[in-house]
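I'd like to ask some things about the structure below.
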Amino acid sequence: MLTKTSSVKTTFSGVDFSKYSSKVSEFVNEFSKRANKQGHFLNWVNLPQEQIKRLDSLYEMAENFKNQTGAKKLSVMGIGGSKHTVEHMLSINGLNICHDSVEFYSDVDSVSLARFMCKIGDIKNVNFMIASKSGSTFETKDGFLRVQQMLVEAYMAEGKSEADAKKLASKHFIAVTDGNAEKSELRRTSIADGWIGDLFIHDDVGGRFSAFDDHAIFALIWAGMKKDDLKAMLTAAQEMSTQSLTADLEINDALKEGIFWADAKLNGIEASVHQYMGSMFENTVYWHAQMQNESVKDTLKQVAKVPDAMHHSAEAHFNPANKLAFALTVPVDNGVCKENAEAYIGALTKSYEITGAFFREDVETSEFGLTPAAAGAMTMLRAYATVYQEIVQAVMTGKELPEVFDSVLQPHVEFYKKNLKGGVVVPGRISK
């Protein structure tokens with residue numbers, strides 16, 4: 001018998017789910033008939049259970065990568081889902097809090113590069129994970145070529161020949177990219193230069209849906225996540241996937257969240273708010289904003305962390321002239337702040353319930369973040385709810401759904417990329 005996860009509890013107000021009950025099977029069928037089918041970009045549905053099978057080899061690879069250079073810190077070089085999902089997963093799992101294990105670089109300007117170099121210190125004490133599906137992402141390639149040259153120069157400064165310096169520099173890199181060398185320039189580089197390991201961005205897993213792909217899993221391992229905890233997180237994510245493909249609306253919270261956001265749109269509420277409470281969610285906000293912009297493809301949802309954003313956003317949220325839908329994700333507080341935290345959450349809950357349609361997620365916590373089960377379940381829940389919003393809106397308005405969901409594609413990003421291609425800018429060029 002299928003039961004709901006206990007690590008994430010969701011409660012709703014202001015939406016009549018009975019209006020949608022006759023369509024639940026249709027909603028779920030539209031999702032399930034495409035899930036894990038090639039070319040549908042829904043391969044993340046069963047990715048957690050596939051990743052469990054690889055944990056031993058991934059832990060061994062991380063240990064070997066550390067040993068071959070002695071590096072204590074891993075630098076993740078990637079943009080979008082290659083960065084935000086990793087930041088999100090580290091933070092909610094209570095890892096890398098002091099930035100002593102993992103650092104990130106995704107910029108292209110000189111000041112950001114200088115700040116990054118200041119953070120990492122001696123470049124020979126850092127390993128680099130280069131994450132790019134195509135291997136030719138402009139921003140990522142620019143950063144990679146720069147640090148590669150810096151490593152070579154650092155080893156040559158110690159008296160190594162250029163050939164030996166390049167070999168030593170190669171020990172500092174691992175690629176997360178397409179497994180097919182014909183498709184990925186980065187894979188060709190990693191093979192030619194003898195980089196360690198085989199890490200993949202799996203086919204049909206878009207960046208914002210890749211929180212359980214190799215770049216995130218490898219970073220969690222590097223930062224010290226115990227194997228049993230990582231397995232528990234992946235197991236909970238897969239259980240949430242199963243729940244999200246059931247036609248029982250009492251079990252399927254992902255569909256209920258999708259209905260919630262779709263119902264607001266269908267009732268003319270264009271603007272919406274999803275707030276996360278606590279410092280563990282600072283990076284979740286960036287990831288969720290990416291999910292919103294690339295999948296829902298509008299900019300009318302505010303995704304923010306509270307308490308920081310509460311006082312100034314309250315002027316807009318509780319202005320009677322503004323009609324919004326609200327969501328709040330909060331930690332179950334078991335610590336010394338429990339009484340005041342619960343009072344604060346209670347005040348927000350009551351205020352939002354009075355003001356408009358609202359749902360609240362309560363997520364289980366550990367000392368420094370979520371429990372592994374809550375981390376896995378909440379992350380998978382967010383991905384499913386995003387796609388379900390598209391399905392519900394289309395079905396309820398009689399709009400034919402495309403063969404491949406709009407919410408998993410991102411055709412418009414090519415607009416600026418076309419303007420970037422022209423030979424004027426050379427990634428990795430050292431400006432004089």
- Query: Is any side-chain N of the basic residue among R187 and D178 closer than 4.0 Å to the acidic one's carboxylate O?
  - Reply: no

- Query: Are F318 and Y352 close enough that their ring centres sit under 6.0 Å apart?
  - Reply: yes

- Aromatic ring centroids of F358 and F12 under 6.0 Å? no

- Message: One thing to verify: whether R54 and D214 come together as a salt bridge, which I'm taking to mean a side-chain N less than 4.0 angstrom from a carboxylate O.
- Response: yes

- Exceeds 12 heavy-atom contacts within 6.0 angstrom, atom NZ of K226: no

- Work out which heavy atom in G135 is nearest to a heavy atom in E185; give both atom names and the distance. O-CB, 4.0 Å

- Is there a donor-acceptor pair under 3.5 Å between the side chain of S366 and the backbone N or O of L370? yes

- Salt bridge present between K227 and D56 (N-O < 4.0 angstrom): yes

- Task: Look at atom NE2 of H312 and say whether more than 12 heavy atoms of other residues, nucleotides or ligands are closer to it than 6.0 Å.
- Result: yes

- Message: If the threshold is 4.0 Å, N to carboxylate O, is there a salt bridge linking K338 and E342?
- Response: yes

- Message: Whether the side chain of K133 engages the backbone of I201 through a donor-acceptor N/O pair (distance < 3.5 Å, no angle test) should be reported.
- Response: yes

- Message: Does this structure show an ion pair linking K265 with E270, if we count only N-O contacts that are shorter than 4.0 Å?
- Response: yes

- Under the ring pair (Phe, Tyr, Trp, His ring centres under 6.0 Å) test, which residues partner W44, sequence neighbours left out? F209, Y384

- Ion pair present between R34 and E403, side-chain N to carboxylate O less than 4.0 angstrom? no

- salt bridge (Lys or Arg N to Asp or Glu O under 4.0 Å) with D229: which residues, sequence neighbours excluded? none

- Query: Do H172 side-chain atoms and A71 backbone N/O form a donor-acceptor pair below 3.5 Å?
  - Reply: no

- Message: Using a strict threshold of under 4.0 Å (side-chain N to carboxylate O), is an ion pair present between E353 and R360?
- Response: no

- Message: Under 6.0 Å between ring centres: does that hold for H88 and Y286?
- Response: no

- Can you tell me if CG on D228 sees more than 12 non-hydrogen neighbours from other groups inside 6.0 Å? no

- Item | cation_pi(K73, W222) dist<6.0 Å, angle<=45 | no

- Task: May I ask you to decide if M61's main-chain N or O and Y59's side chain share a donor-acceptor pair within less than 3.5 Å?
- Result: no

- Query: Would you say S184's side chain and N180's backbone share a donor-acceptor pair under 3.5 angstrom?
  - Reply: no

- Task: Look at K19 together with D263 and state whether they make a salt bridge at an N to O cut-off of under 4.0 Å.
- Result: yes

- Query: So, K399 and E390, do they make that salt bridge, N to O below 4.0 Å?
  - Reply: no

- Message: Go through it in stages, so that I can follow the logic: the residues are I259 and L249, the test is side-chain contact (heavy atoms from CB on, under 4.5 Å), and I'd like the CA-CA distance, side-chain angles, deciding distance and then a yes or no.
- Response: CA-CA 10 Å; I259 289 173; L249 197 55; 4.2 Å; yes

- Item | Residue list, side-chain hydrogen bond (donor to acceptor under 3.5 Å, both in side chains) with S190, at least two apart or on another chain | none

- Would you check if the side chain of T371 reaches a backbone N or O of A374 as a donor-acceptor pair within less than 3.5 Å? yes

- Message: Regarding D248 and K4, does a basic nitrogen lie under 4.0 Å from an acidic carboxylate oxygen?
- Response: no

- Would you check if the side chain of D333 reaches a backbone N or O of G335 as a donor-acceptor pair within less than 3.5 Å? yes

- Item | Check: N252/T246 side-chain N/O donor and acceptor closer than 3.5 Å | no

- So Q238 and N46, side-chain contact (heavy atoms from CB on, under 4.5 Å) or not? Walk me through it. CA-CA 7 Å; Q238 193 63 52; N46 284 339; 2.8 Å; yes

- Query: Is K66 salt-bridged to E63, going by a charged N under 4.0 Å from an acidic O?
  - Reply: no

- Item | Under 3.5 Å donor-acceptor, S272 side chain and K301 backbone | no

- Query: Going through the checks in order, is the side-chain contact (heavy atoms from CB on, under 4.5 Å) test met by F128 and I123?
  - Reply: CA-CA 10 Å; F128 296 87; I123 197 168; 3.9 Å; yes

- Between F17 and F260, is a ring-ring contact (aromatic ring centres under 6.0 Å, His included) present by the stated rule, with each step listed? CA-CA 8 Å; F17 288 106; F260 177 90; 7.9 Å; no

- Item | Steps toward side-chain contact (heavy atoms from CB on, under 4.5 Å) verdict (T379, M89) | CA-CA 9 Å; T379 300; M89 294 303 278; 3.8 Å; yes

- Item | Short N-O contact, E30 and K33, less than 4.0 angstrom | yes

- Query: Under the 6.0 Å and 45° cation-pi test, does K256 pair with F359?
  - Reply: no

- Query: Hey, is the main chain of M280 close enough, under 3.5 Å, to the side chain of S91 for a donor-acceptor pair?
  - Reply: yes

